[in-house]
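Single-structure report; data block below.
The structure presented is a predicted model; accordingly, all values stated were derived computationally and were not measured. Letters A, B, ... are given to chains in the order of the sequence lines, protein chains preceding strands, and every chain is numbered from 1.
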Number of protein chains: 2
Amino acid sequence: MPSTAEFAETAALIGDPARANMLIALMDGRALTATELARVAGITPQTASGHLAHLTEAGLLAMTRQGRHHYHRLASADVARMLESIMSVTAGRRPLPARPARTVTGPRDAALRRARTCYDHLAGQLAVAMADRMIARGEIELSPDGGALSEGGAAFLSGLGVDLEAAHADAMRRGGGRIFCRPCLDWSERRPHIAGAVGAAMSRAWFAHGWLRRIEGSRAVTLTRSGEMALGTAFDLGLGEQAA
Amino acid sequence: MPSTAEFAETAALIGDPARANMLIALMDGRALTATELARVAGITPQTASGHLAHLTEAGLLAMTRQGRHHYHRLASADVARMLESIMSVTAGRRPLPARPARTVTGPRDAALRRARTCYDHLAGQLAVAMADRMIARGEIELSPDGGALSEGGAAFLSGLGVDLEAAHADAMRRGGGRIFCRPCLDWSERRPHIAGAVGAAMSRAWFAHGWLRRIEGSRAVTLTRSGEMALGTAFDLGLGEQAA
DNA sequence: ACGATGCTTCGGCGATGGCCGAAGCGTTGC
DNA sequence: GCAACGCTTCGGCCATCGCCGAAGCATCGT
């Protein structure tokens with residue numbers, strides 16, 4: 001069992017504002033360079049370097065060198081889950097303590113709320129809407145303790161080119177069981193969406209099919225023309241109103 | 001969505017050694033007084049009081065007054081899950097960095113490793129053994145993304161007096177779905193056991209039947225005579241060798 | 001009513017740790 | 001090769017925050 005000192009050290013590492021900003025920036029699953037992370041955190045590269053060394057040492061980040069660039073990413077899905085749970089607790093405390101107007105909008109925030117990545121899966125209105133449709137059709141179930149695909153849900157996703165075999169292998173070492181997924185609370189929507197191995201497989205499939213594209217330098221993603229067609233039909237999304 | 005500053009504040013709150021010790025002490029789900037928590041953290045009551053005020057303010061703890069005693073407990077299962085995930089990440093980093101001998105034993109540690117509470121469910125060798133038996137019989141499935149009871153598992157637990165209706169209501173607002181549970185990594189065993197609503201219901205049932213009893217002033221619990229009989233039979237536990 | 005107990009607030013001390021400027025390596029590209 | 005770039009290490013400044021002693025407020029017991 002980890003000593004209480006190590007436990008506190010992990011949390012303290014996350015608890016510094018600069019480091020927290022870096023970790024949150026990495027929650028979309030990409031790997032960023034030290035300088036990029038310094039910009040995100042609003043500090044100089046030399047300060048960021050120290051922070052990154054600590055985070056890597058503690059096993060929260062993993063680093064791969066590519067020429068003179070050092071790419072940092074979250075060390076594991078476990079770390080992403082942990083950050084997500086801290087997010088969840090933080091989000092669930094005070095409704096409106098002081099400033100009720102700051103939370104509202106922002107120009108590029110609109111794109112983020114619409115669709116974005118969350119480590120290895122999708123979040124935002126789009127992801128919540130997909131989860132809602134699948135729940136309504138009985139294709140998936142989500143609860144605070146976990147979730148699972150029904151037979152129909154597995155068939156539906158397979159038909160869309162989602163590799164459930166890989167997802168299954170990811171999640172369960174032994175074969176033959178249920179295909180589990182995991183709910184992930186969406187901060188902007190305050191509703192669960194599909195995470196875990198299934199959510200990751202769905203995200204991979206949409207990107208592979210060219211239905212989804214990353215927006216440069218942001219966690220936000222956008223539906224392509226073909227994505228609107230395919231996913232709009234498959235998930236019954238009312239995509240008429242926003243001609244982006 | 002929570003600001004990154006609030007996110008960092010939550011983590012920083014957990015990151016102080018004294019506060020971390022208090023939070024870990026509360027992970028067994030009990031409510032402790034300020035003075036007790038001060039002792040746990042190795043600080044004076046006035047310092048503890050400040051810490052507890054901050055933790056309560058941030059929504060990590062809840063406080064109920066009973067005469068001159070102030071009882072503090074974790075504010076929600078969400079907080080417990082968060083602490084657990086931090087534990088998990090912390091545990092999963094360095095195998096044996098420096099001292100290979102310190103992790104080993106300890107007199108009262110033996111009882112803790114055998115069986116203890118973990119917020120609202122059970123952990124330790126006993127809990128892992130129960131989970132193993134149920135998995136082997138196909139009564140339950142556990143994966144990193146979640147878990148579920150099979151029909152047989154539900155029948156088995158119902159026969160042991162576990163109130164799955166209540167667990168089900170706990171976990172799912174809507175009726176009619178699968179009964180999910182959640183895996184929880186055991187630090188001493190490094191193996192998953194049954195958490196979530198099902199795990200909580202099991203724990204409640206064992207205590208209600210008098211099969212399990214808390215050890216005073218510790219997270220450890222002990223099997224009673226009748227508990228050895230009932231659970232030993234139901235879960236096929238090899239209880240011959242340790243005549244406690 | 002009185003002292004004892006549990007908890008809290010206040011004030012000041014001390015240390016941990018984040019921050020940057022400057023300088024030192026390694027890689028890339030001209 | 002040299003210059004530019006990315007990252008790291010080193011040194012010292014400064015703020016934050018945890019800590020306790022002392023004192024103040026509630027509650028319980030006699």
Quick test of your reading of the model: are Glu228(A) and Arg225(A) salt-bridged, counting only N-O distances below 4.0 Å?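 Between Arg225(A) and Glu228(A) there is a salt bridge, with a charged N closer than 4.0 Å to a carboxylate O.
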Thinking salt bridges, do Arg116(B) and Asp186(B) make one under a 4.0 Å N-O criterion?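 Looking at Arg116(B) and Asp186(B), the cut-off is met.
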Tell me the interatomic distance from [X], atom [atom1], to [N], atom [atom2], rounded to whole angstroms.
{"X": "Met63(B)", "N": "dG6(C)", "atom1": "CE", "atom2": "P", "result": "16 Å"}
{"X": "Met22(A)", "N": "dC19(C)", "atom1": "CE", "atom2": "C1'", "result": "12 Å"}
{"X": "His72(B)", "N": "dG6(C)", "atom1": "NE2", "atom2": "P", "result": "14 Å"}
{"X": "Leu52(B)", "N": "dG6(C)", "atom1": "CG", "atom2": "P", "result": "15 Å"}
{"X": "Leu13(A)", "N": "dT16(C)", "atom1": "CG", "atom2": "C1'", "result": "14 Å"}
{"X": "Ile43(B)", "N": "dG6(C)", "atom1": "CD1", "atom2": "P", "result": "17 Å"}
{"X": "Gln46(A)", "N": "dC20(C)", "atom1": "CD", "atom2": "C1'", "result": "6 Å"}
{"X": "Arg65(A)", "N": "dT28(C)", "atom1": "CZ", "atom2": "C1'", "result": "16 Å"}

Given [N], is OP1 or OP2 found less than 4.0 Å from the side-chain N or O atoms of [X]?
{"X": "His51(B)", "N": "dC17(D)", "value": "no"}
{"X": "Ser49(A)", "N": "dT8(D)", "value": "yes"}
{"X": "Thr47(B)", "N": "dG18(D)", "value": "no"}
{"X": "His70(A)", "N": "dT8(D)", "value": "yes"}

Counting the atoms with a prime plus P, OP1 and OP2 as sugar-phosphate, which does Ala18(B) contact under 4.0 Å by heavy atoms, base, sugar-phosphate, or nothing?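 The residue Ala18(B) makes sugar-phosphate contact but no base contact.
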Heavy atoms only, 4.0 Å cut-off, all strands: where does Arg19(A) land among base, sugar-phosphate and nothing?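 Since only primed, P, OP1 and OP2 atoms lie under 4.0 Å of Arg19(A), the category is sugar-phosphate.
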Approximate separation, where rounding is to 0.5 Å, of Ser85(B) OG and Leu185(B) CG: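 These two atoms lie 11.5 Å from each other.
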Does His54(A) or Arg68(A) map to a spot on DNA chain C nearer the 5' end, using the closest nucleotide for each?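 Result: His54(A).
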Given Asn21(A), Val40(A), Leu55(A), Leu74(A), the one that forms side chain to side chain contact (heavy atoms under 4.5 Å, CB included) with Leu26(A):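 The residue from Asn21(A), Val40(A), Leu55(A), Leu74(A) that satisfies side chain to side chain contact (heavy atoms under 4.5 Å, CB included) with Leu26(A) turns out to be Leu74(A).
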Of the listed nucleotides (dG6(D), dT8(D), dT8(C)), which one gets closest to any side-chain atom of His69(A)?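 For His69(A), the side-chain atoms sit closest to dG6(D).
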Going by the angle between their ring planes, with limits at 30° and 60°, are His54(B) and His51(B) parallel, tilted or perpendicular?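 Correct class here is perpendicular.
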